[in-house]
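Both ligands and their constituent atoms are indexed starting at 1 by order of listing. All values below were derived from every heavy atom in this structure, side-chain atoms included, with hydrogens, water molecules and symmetry-related copies excluded.
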Amino acid sequence: MNTPTTADIVIIGGGVMGASAAYHLAKRGLKDIVLLEKEDFFGTGATGRCAGGVRYQFSTEINVKLSIESLPMIERFKDEIGQDVNYRQCGYLLVATDEKDATTFQHNVTLQNNLGVPTKLLNGDEVRECLPLMNFEDAISGTFNPKDGIVDPNGVVAGYVSAAQKMGVKAFTQMGVTGIRVNGDEVEAVETTQGLIETRSVLNAAGPWAGQIGEMAGVQIPIVPIRRQMFTTNPLKEIPEDFPFVIDFAQSLYFHREGDGLLIGMSNQEEKPGFNQNIDEEFEFVNLEAAVERMPLLERASRASHWAGLYEVTPDAHPIFGGSSVKGFTICAGFSGHGFMHGPVAGKLISEYILDGKFSTLDVSMLDLARFEEQRLIKEYYLV
Ligand SMILES: Cc1cc2nc3c(=O)[nH]c(=O)nc-3n(C[C@H](O)[C@H](O)[C@H](O)COP(=O)(O)OP(=O)(O)OC[C@H]3O[C@@H](n4cnc5c(N)ncnc54)[C@H](O)[C@@H]3O)c2cc1C
């Protein structure tokens, strides 16, 4: 396919946000949509490197509401989009080992229950009963929601891209955006590695790279890339089929079943912003030691694979939805390490904003870019 010379909209970034937005815009009848991805394949940015966790458990009302809209879309994905995404509802079990977290968990369970999410508060003994393979003598409490789980991120991206293509979306890989032309205060064209595309509308869905794309248009977007990494183990016959997604909250250490083994990750709180996606071997060792401490059987496990990716972090760990000071330059990015699960509804919401100038499915207008300057930050506590 030749590079188009004009488009009604150019979407920058072929991760879950760009793919979902392309699909939802096309479904609403927008023609002449161009989706651009700089890498060889769609979904090789944060989306393809993520842990695939999906949860209703958050500490802010807006994040719980995003999950309430988005997770059922994943449940219906095969029927609507025609692609199996393997939604395994194993539940998330968040474990608190310090008093402050335990108190916050209580408030958060009340918030979630009030919004209709059936999260249960467990005491320390109940946590230990649920996790007989783990050392959680210090657990004070835990929270469990059986509808949380794990989904295949590549399936979601591939499903949206191919459904969008069937509706006429022109989707390109190996086409990086190198510049954005702005005339006065209005978008005029997108410069790519394959030529110029004239357009009045650009969607910045570039995840960890969204700040760079903003700079091209002269818009400051406070999204910083922060490296996170994880590894998987060889098959471990002791891990039951229904092993939950366990988060040792104080250590940002997590475990979930992956194939017949485990996927294990831990967030390095000392990590500095940057685009480096190489494994930090030293920190991997820290992660491994912490994991063995919690689950001694891992002493006998071997590593099957490991990789690193980038969180796309905003100052309040909530995403940015909406327009900017440049007319036609819209943003859907900055999901701060938990955006895969919100990708389905995020694409729908941003399509509503682009086509109707307002959000109908859920009011996310408070998550605009202006909130950072106007000090309207909304802090999320459940960061992993
Ligand atoms: C290690 C790790 C674990 C995670 N675990 C979870 C989890 O369990 N659950 C969850 O919900 N979320 C998780 N996340 C977060 C989640 O991956 C992201 O929030 C989400 O994938 C962001 O999607 P995106 O489409 O905005 O970004 P991306 O998937 O990064 O997509 C942006 C795309 O833009 C492309 N791009 C960038 N610059 C350009 C350019 N100039 N021209 C063209 N294309 C460009 C990139 O190549 C990339 O493919 C995790 C993230 C990481 C790194």
In terms of atom number and element, which parts of ligand 1 are under 4.0 angstrom from non-hydrogen atoms of [X]?
X	value
Leu36	43 (C), 44 (N)
Trp209	30 (O), 37 (C), 38 (N), 46 (C), 48 (C)
Arg49	1 (C), 2 (C)
Gly337	6 (C), 12 (N), 13 (C), 14 (N), 15 (C), 50 (C)
Arg228	1 (C)

Can you tell which part of [X] has a heavy atom less than 4.0 Å from ligand 1: side chain, backbone, both or neither?
X	value
Glu39	side chain
Met230	side chain
Leu310	backbone
Phe340	both

Please confirm whether Ala205 comes under 4.0 Å of ligand 1, counting heavy atoms of the residue only.
yes
Does even one non-hydrogen atom of Val384 get within less than 4.0 Å of ligand 1?
no
So, is Gly18 polar-close to ligand 1, with some N/O to N/O distance under 3.5 Å?
no
Decide whether an N or O pair under 3.5 Å exists between Ala46 and ligand 1.
yes
Aromatic ring pairing Tyr353/Phe359, orientation class (parallel under 30°, perpendicular over 60°, tilted between)
parallel
Could you tell me how the ring of His342 sits relative to the ring of Phe58: parallel (under 30°), tilted (30 to 60°) or perpendicular (over 60°)?
tilted
Is the backbone of Leu262 close enough, under 3.5 Å, to the side chain of Thr233 for a donor and an acceptor to pair up by distance?
yes
From the options Glu37, Met175, Met17, select the one whose nearest heavy atom is closest to atom 47 (O) of ligand 1.
Glu37
So which protein heavy atom does atom 23 (O) of ligand 1 come closest to, and at what separation?
Thr47 OG1, 3.3 Å
Aromatic ring centroids of Tyr381 and Phe249 under 6.0 Å?
yes
Does Tyr311 have Arg228 sitting over its ring (NZ/CZ under 6.0 Å from centre, angle to axis within 45°)?
yes
